[in-house]
Structures are given as C-alpha cells and as structure tokens.
Amino acid sequence: MPRDRSDLELAIGKLIVMVQREWQEESGDPEAKESLSVMYRCHDLLRAAKADELKDFLNGRSLAGYLGGLWLGTHPNVTPAVEAVAKAMAKEIQ
C-alpha cells in the first residue's frame, strides 16, 4: 500500500509540474537549460522532504535562494507554487 504524501510533498510535486511547464515552453531556447536545472533542484527538494531531511538539506538557505531568485523573478507563473511550498514548509519543518 502506498504511503500518504504530506502536504509539503504534494506542494513540491505541484511546483515540479509548474517548473516543467516553463521548461517545455522554453524548449529550444537558451533559457531552457536553467529551467531544467531548477526542475532538478525541485526533485532534490522532494527527495529531501520524503526523507524528512529538508531542513538539513536547505542548511539555512531560503527556498527562493535555493531555487534561484533570478530564475523565479523571470518566471512569475511559478510564484503561487513556490508560495504554497513555503507555506507547507512553515507548517511541517521546525
């Protein structure tokens, strides 16, 4: 039986989907490489959240700092998903 996903894991999953959409829209453009890197970082976040190690993984970095503030600033469609992850992190990570 599969385990239940936490709100944090669900929020990160939605973030991955949003970043993937941005990456697909940029396909063939030079910007796509950075979007792919951000998507990989999101997958790393999810792995850390599943292992209950997100706080240690981020090691004091903010979510925006980890993902890349410049990239986030140029991809406003992802902002609601980032905010949802931050909200879930605040509830689940002490």
Side-chain angles (χ1 to χ4, degrees):
M1 173 183 250
R3 75 177 186 88
D4 291 329
R5 292 187 177 108
S6 69
D7 289 343
L8 178 57
E9 291 171 30
L10 291 172
I12 294 171
K14 290 177 184 177
L15 174 60
I16 291 169
V17 169
M18 294 301 298
V19 172
Q20 186 174 24
R21 285 182 188 159
E22 296 293 311
W23 172 65
Q24 288 173 334
E25 286 181 20
E26 296 170 350
S27 182
D29 294 341
E31 302 85 37
K33 185 176 180 181
E34 181 60 23
S35 294
L36 182 60
S37 293
V38 172
M39 187 168 48
Y40 288 150
R41 288 193 290 272
C42 290
H43 281 281
D44 291 340
L45 282 175
L46 182 57
R47 277 190 286 279
K50 285 182 177 183
D52 239 358
E53 299 173 350
L54 192 52
K55 184 176 181 178
D56 291 336
F57 178 78
L58 288 174
N59 195 28
R61 294 176 286 187
S62 69
L63 179 60
Y66 173 71
L67 294 175
L70 181 60
W71 186 89
L72 290 172
T74 59
H75 295 82
N77 293 335
V78 178
T79 301
V82 172
E83 291 171 350
V85 171
K87 185 177 178 180
M89 282 174 58
K91 287 182 180 178
E92 292 188 31
I93 298 176
Q94 304 307 325

(request) Indicate whether the side chain of His75 and that of Glu31 have a donor and an acceptor atom separated by less than 3.5 Å. (result) no

Just verifying a value: how many Å separate [X] [atom1] and [Y] [atom2], rounded to the nearest 0.5 Å?
X: Leu36; Y: Arg41; atom1: CG; atom2: CZ; value: 10.0 Å
X: Asn77; Y: Thr79; atom1: CG; atom2: OG1; value: 8.0 Å
X: Asn59; Y: Leu54; atom1: CG; atom2: CG; value: 11.5 Å
X: Glu25; Y: Glu22; atom1: CD; atom2: CD; value: 5.5 Å
X: His43; Y: Leu15; atom1: NE2; atom2: CG; value: 9.5 Å
X: Glu53; Y: Ile93; atom1: CD; atom2: CD1; value: 11.5 Å

On a heavy-atom basis, which atom in [X] and which in [Y] lie closest, and how many Å separate them?
X: Pro76; Y: Pro80; answer: O-CD, 3.8 Å
X: Ala86; Y: Leu63; answer: N-CD2, 3.9 Å
X: Ala88; Y: Ala11; answer: CB-CB, 4.3 Å

Single-linkage hydrophobic cluster, 4.5 Å side-chain cutoff, [X] and [Y] together:
X: Phe57; Y: Met89; result: yes
X: Leu10; Y: Leu45; result: no
X: Leu8; Y: Val17; result: no

(message) Looking at Arg61 and Leu58, would you say the former's side chain and the latter's main chain have a donor-acceptor pair under 3.5 Å?
(response) yes

(request) Take Val78 and Trp71 through the test side-chain contact (heavy atoms from CB on, under 4.5 Å) and record every step on the way to the result. (result) CA-CA 10 Å; Val78 178; Trp71 186 89; 3.8 Å; yes

(request) Determine, for Asp44 against Arg47, whether the closest basic-nitrogen to carboxylate-oxygen distance falls under 4.0 angstrom. (result) yes

(message) For Lys55, is there an ion pair with Glu92 - N to carboxylate O distance below 4.0 angstrom?
(response) no

